[in-house]
Amino acid sequence: MKFDSLLVHYGELSTKGSNRKEFIRCLVHNVRVALKAFPVEIKGNRDYILIGLGDQKPEPVIARLQEVSGIQRISLIYKTETPIETIQEAATALIATQPGKTFKVETKRTDKTYPLDSYGISIAVADAILDHTDLEVDVHHPDIVMKVTLRPGECLLSCQDYPGLGGYPLGMNGKVTMLLSGGIDSPVAAYSLMRRGILVDCLHFASPPYTQMAVIDKLKDLLKQLNVYQNDIRLQVVPFTKLQEAIYAHVPEPYCITIMRRMMIRIAEKVAKKNHCLGIATGESIGQVASQTLQSIVTINDVTSFPILRPLCVSDKLSIIETSKRIKTYEISIRPYEDCCTIFKPKKPKTKPRIDEAERYEASFDYASLIEEAVEGITNIYLSGGEEVEGKQIVCPNPGDLVE
Ligand code: ATP
Ligand code: MG
């Protein structure tokens with residue numbers, strides 16, 4: 001006898017009330033997608049997802065599940081019938097497969113009609129283990145904890161738990177247009193949103209020939225890494241050169257970054273609305289650079305009433321770097337590259353740009369038609385499961401579209 005199934009405990013479900021059904025439907029869908037390559041059987045119910053392992057080794061399946069958002073915890077379990085003799089027999093056989101010399105039994109009983117209470121079950125199971133093995137009881141520092149969960153009609157036995165990613169199932173909380181540069185911050189911001197159940201649709205502003213094609217390759221590598229958390233991702237590449245040249249021809253140098261950002265947001269808003277995204281997201285962090293002071297953000301934000309999410313706005317650089325190493329985007333992000341921001345970087349960017357000033361400089365050239373042209377010229381790159389896929393539209397599922 002061996003532990004032959006995995007039990008997936010739902011994440012922040014308790015706080016979600018009426019969204020429970022949607023949470024579960026979305027998570028079951030995502031677990032199916034994540035475990036596509038494994039010959040396992042997946043069944044979801046209102047309390048947990050049960051994964052029958054068959055001959056499949058548990059470790060790689062657990063590792064993959066630890067990358068799926070919305071999972072609190074994963075337990076390696078064995079499911080038995082409920083007569084106490086059956087439970088005793090199974091617990092004795094299973095505990096013998098675990099390393100260690102001491103144990104304790106912990107029981108949770110949700111079936112209140114069961115003839116024994118939790119304490120009675122623990123004692124009965126512990127007695128059987130003591131009778132049939134050399135293990136000894138240690139209630140304070142046991143090597144093995146045998147958890148017995150008694151539910152109506154079934155009993156779950158487990159000795160090992162693994163932490164999940166937490167958060168919400170991806171797709172449950174809508175979709176945003178993510179402004180993705182080649183730096184460290186924006187991929188971490190994208191990951192943070194995915195963990196909260198938000199799908200990301202990426203947008204990059206490219207200024208060839210000032211920026212190199214190598215940036216696009218770098219972005220593809222970043223997105224292949226992010227495919228671990230969101231299986232299907234699109235990168236929309238905006239031709240930004242003309243608009244950027246117009247900015248530098250008409251706007252005094254200290255205001256160039258501010259105006260450039262305002263143009264990016266105007267374009268992002270159009271793209272977001274066209275793609276049914278509910279907001280724009282960036283990797284900005286307050287105070288990090290001149291364009292990221294609060295005063296700057298006020299002036300940049302003024303061009304839209306659309307929500308702009310800044311998941312990293314109060315994060316320290318060190319913790320951002322730590323996350324980027326954990327999600328394996330760091331090594332890709334630090335590859336040298338020329339961003340449209342670095343190329344045209346003014347010597348003295350304005351740290352407190354004013355809205356009226358920005359508007360005055362923008363009035364000096366016809367940016368609206370350049371914005372239209374940029375949006376018209378967007379090209380798409382699709383990445384799915386860590387591979388670039390050609391010519392195929394990937395439709396990111398909205399919760400309502402998921403059929404289980
Ligand atoms: P990052 O590490 O994400 O590049 P950063 O600290 O270098 O951030 P900036 O270059 O000022 O900061 O960019 C701030 C944010 O603006 C980025 O996180 C990203 O969301 C967006 N952004 C900047 N440049 C581009 C670009 N070329 N295309 C798309 N988004 C961009
Ligand atoms: Mg950058």
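Numbers here simply count residues along the sequence, with the first being 1. Quick note: numbers below take in every heavy atom, side chains included, and nothing from hydrogens, waters or symmetry partners. We count ligands from 1, going down the list as the structure has it; atoms in each ligand are counted the same way.
At least one N/O-N/O distance between Gly283 and ligand 1 falls below 3.5 Å. Taking distance alone, with nitrogen or oxygen atoms compared against 3.5 Å, Ala281 stays at or beyond that limit from ligand 1. On a distance-only criterion, Leu179 and ligand 1 share at least one N/O pair closer than 3.5 Å.
The cationic atom of Lys273 (NZ for Lys, CZ for Arg) lies less than 6.0 Å from the six-membered ring centre of Phe306 and within 45° of the ring axis.
Near Leu203, meaning under 4.0 Å from any of its heavy atoms, are these atoms of ligand 1: 29 (C). Residue Thr282 approaches ligand 1 through these ligand atoms, each under 4.0 Å from one of its heavy atoms: 20 (O). The Gly183 neighbourhood of ligand 1 comprises atoms 1 (P), 2 (O), 4 (O), with distances under 4.0 Å to a heavy atom of that residue. Contact atoms of ligand 1 toward Ile184: 2 (O) (distance under 4.0 Å to a heavy atom of the residue). The distance from ligand 1 to the heavy atoms of Leu180 drops below 4.0 Å at these ligand atoms: 28 (N), 29 (C), 30 (N).
In this structure, Glu81 has no side-chain hydrogen bond (donor to acceptor under 3.5 Å, both in side chains) partners at least two apart in sequence or on a different chain. Residues satisfying the ring pair (Phe, Tyr, Trp, His ring centres under 6.0 Å) test with His9, not counting sequence neighbours, are none.
Between Tyr10 and Phe23, the ring planes are perpendicular. Angles over 60° get that label, and only those under 30° would be called parallel.
The only member of Thr82, Asp47, Asp111 that meets side chain to side chain donor-acceptor pair (under 3.5 Å) when paired with Arg151 is Asp47.
Asn275 and Arg234 form a side-chain donor-acceptor contact under 3.5 Å, judged by distance and modelled atom types alone. Looking at Thr293 and Thr351, their side chains never bring a donor and an acceptor atom within 3.5 Å of each other.
Nearest residue to atom 10 (O) of ligand 1 from Lys317, Arg310, Arg261 is Arg261 (criterion: closest heavy atom).
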